[in-house]
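Below is one structure, written out as structure tokens; comments come after it.
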Amino acid sequence: MAADFDRLVEGSSTPYAVRGVLQQSPCVRAVAGDLLAVASSLLGAECVVSKATYFDKTHENNWLVPWHQDLTITVQQQHSVPGFEHWRQKHDASMWQRGIWHVQPPESILSRIVALRLHIDRCSGDNGALRVLPGTHRFGVLSADAIAQHEADGEAETLAAERGEIVAMAPLLLHASSKSQQPARRRVLHLEFCAAELPAPLAWHG
């Protein structure tokens, strides 16, 4: 299975983060299908796969992620819809995608999303595991000042995982990631599921 994921980076100028991989990989679609019931049990309703991203942190492609919330979804096309803001088209420049629309939806949609992160490699505190501030997803979309205050007052928790394990999190949860201190790879398939419907004519990209 790891070899199937590695094919996702072929031809990509950003092999450390390849977006929109659901439509291009039967392996990703199979994993997403297997996890659909898990996501529905966490959200309390039927849901759909709303985003799929492949991360590959290596010694050569190593980065620091500051405290933040995941506030965007991916859609097929840009449309003017009330409550949907900060449109941006991200270009992967790979053989898979030439540009995917990202937009910040209303909080009512963000609060009905769960992310399931499948760890293809062992992930520990010294090779870029996620750090989170527990409970911060309950405060909704936070300002920069509020994020700084939670960072100062909160007690971070590291979400270490073994190979094959899955970490579930709300995208509104404040999270960060340090640079890896190890030469080993840290590959993660990040899948988001949403139990809310998008208003027409918007449609999920997946």
Side-chain angles (χ1 to χ4, degrees), residues 1-9 12 14-19 21-22 25 27-28 30-43 47 49-72 110-139 142 146-194:
M1 179 179 288
D4 292 323
F5 290 123
D6 284 341
R7 295 189 187 98
L8 297 173
V9 306
S12 175
T14 58
Y16 47 87
V18 186
R19 306 176 184 89
V21 295
L22 182 71
S25 171
C27 182
V28 172
V31 172
D34 289 342
L35 295 180
L36 196 59
V38 176
S40 292
S41 68
L42 294 172
L43 292 169
C47 58
V49 187
S50 56
K51 184 188 291 186
T53 309
Y54 177 71
F55 294 108
D56 187 0
K57 185 175 286 192
T58 66
H59 183 70
E60 294 77 17
N61 295 308
N62 203 359
W63 66 95
L64 171 75
V65 181
W67 290 105
H68 71 288
Q69 299 172 299
D70 291 338
L71 299 179
T72 62
L110 290 172
S111 64
R112 302 197 70 193
I113 295 176
V114 66
L116 299 181
R117 294 169 57 89
L118 171 63
H119 291 77
I120 302 162
D121 303 298
R122 182 178 179 273
C123 186
S124 58
D126 59 1
N127 77 330
L130 279 186
R131 292 179 293 126
V132 302
L133 291 173
T136 49
H137 63 291
R138 300 189 182 96
F139 297 99
L142 298 170
I147 290 175
Q149 191 63 54
H150 280 292
E151 179 183 0
D153 296 342
E155 185 172 342
E157 182 176 324
T158 299
L159 302 184
E162 296 297 326
R163 179 180 180 181
E165 289 187 335
I166 294 169
V167 168
M169 60 171 279
L172 285 176
L173 181 71
L174 280 176
H175 56 286
S177 175
S178 300
K179 284 188 174 183
S180 176
Q181 304 301 315
Q182 300 291 331
R185 299 170 74 180
R186 190 222 66 176
R187 291 169 293 178
V188 174
L189 178 63
H190 179 100
L191 295 167
E192 291 185 11
F193 300 81
C194 185

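Quick note: residue numbers are just sequence positions, from 1. Predicted model only: the values in this text are computed from it and were never measured. All heavy atoms count here, side chains included; hydrogens, waters and symmetry mates do not.
- Distance CG/L35 to CG/L189: 8.5 Å, rounded to 0.5 Å.
- For the pair L118 and V167, the minimum side-chain heavy-atom distance is 4.5 Å or more.
- Side chains of V188 and H119 form a contact here, defined as non-hydrogen atoms less than 4.5 Å apart.
- The list of ring pair (Phe, Tyr, Trp, His ring centres under 6.0 Å) pairs with a residue in residues 157-178, not counting sequence neighbours, reads H68-H175.
- For residues 149-159, there are no salt bridge (Lys or Arg N to Asp or Glu O under 4.0 Å) pairs, not counting sequence neighbours.
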For residues 122-131, which side-chain donor-acceptor pairs fall under 3.5 Å, sequence neighbours excluded?
residue : atom : partner : partner atom : Å
S124    : OG   : D126    : OD1          : 2.5
S124    : OG   : N127    : OD1          : 3.4
D126    : OD2  : Q182    : NE2          : 3.0
N127    : OD1  : S124    : N            : 2.6
N127    : ND2  : R122    : O            : 3.1

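- Considering CG of L172 and NE2 of H137, their distance stands at 8.5 Å, rounded to 0.5 Å.
- Applying the side-chain hydrogen bond (donor to acceptor under 3.5 Å, both in side chains) criterion to H190, with sequence neighbours excluded, gives R117, E192.
- Panel note: side chain T158, backbone A160; no donor-acceptor pair is recorded below 3.5 Å.
- Every residue was checked against the side-chain hydrogen bond (donor to acceptor under 3.5 Å, both in side chains) condition with T72, not counting sequence neighbours, and none meets it.
- Applying the side-chain contact (heavy atoms from CB on, under 4.5 Å) criterion to A39, with sequence neighbours excluded, gives C47, V114, L116, F193.
- Between K51 and P171, every side-chain heavy-atom pair lies at or beyond the 4.5 Å cut-off.
- Between L173 and P134, the closest heavy-atom pair is CD1-CA, 4.1 Å.
- For D70, the salt bridge (charged side-chain N to carboxylate O under 4.0 Å, His left out) criterion is met by no residue, not counting sequence neighbours.
- Taking OG1 from T136 and NE2 from H150, the interatomic distance works out to 6.5 Å, rounded to the nearest 0.5 Å.
- Between I120 and D56 the shortest side-chain heavy-atom distance does not fall below 4.5 Å.
- Here the closest heavy-atom approach between residue V21 and residue V18 is recorded as CG1-O, 3.5 Å.
- A pairwise comparison of heavy atoms in E165 and E162 identifies OE1-N, 2.8 Å as the closest pair.
- Residues satisfying the side-chain contact (heavy atoms from CB on, under 4.5 Å) criterion with I147, sequence neighbours excluded, are W67, L142, L174.
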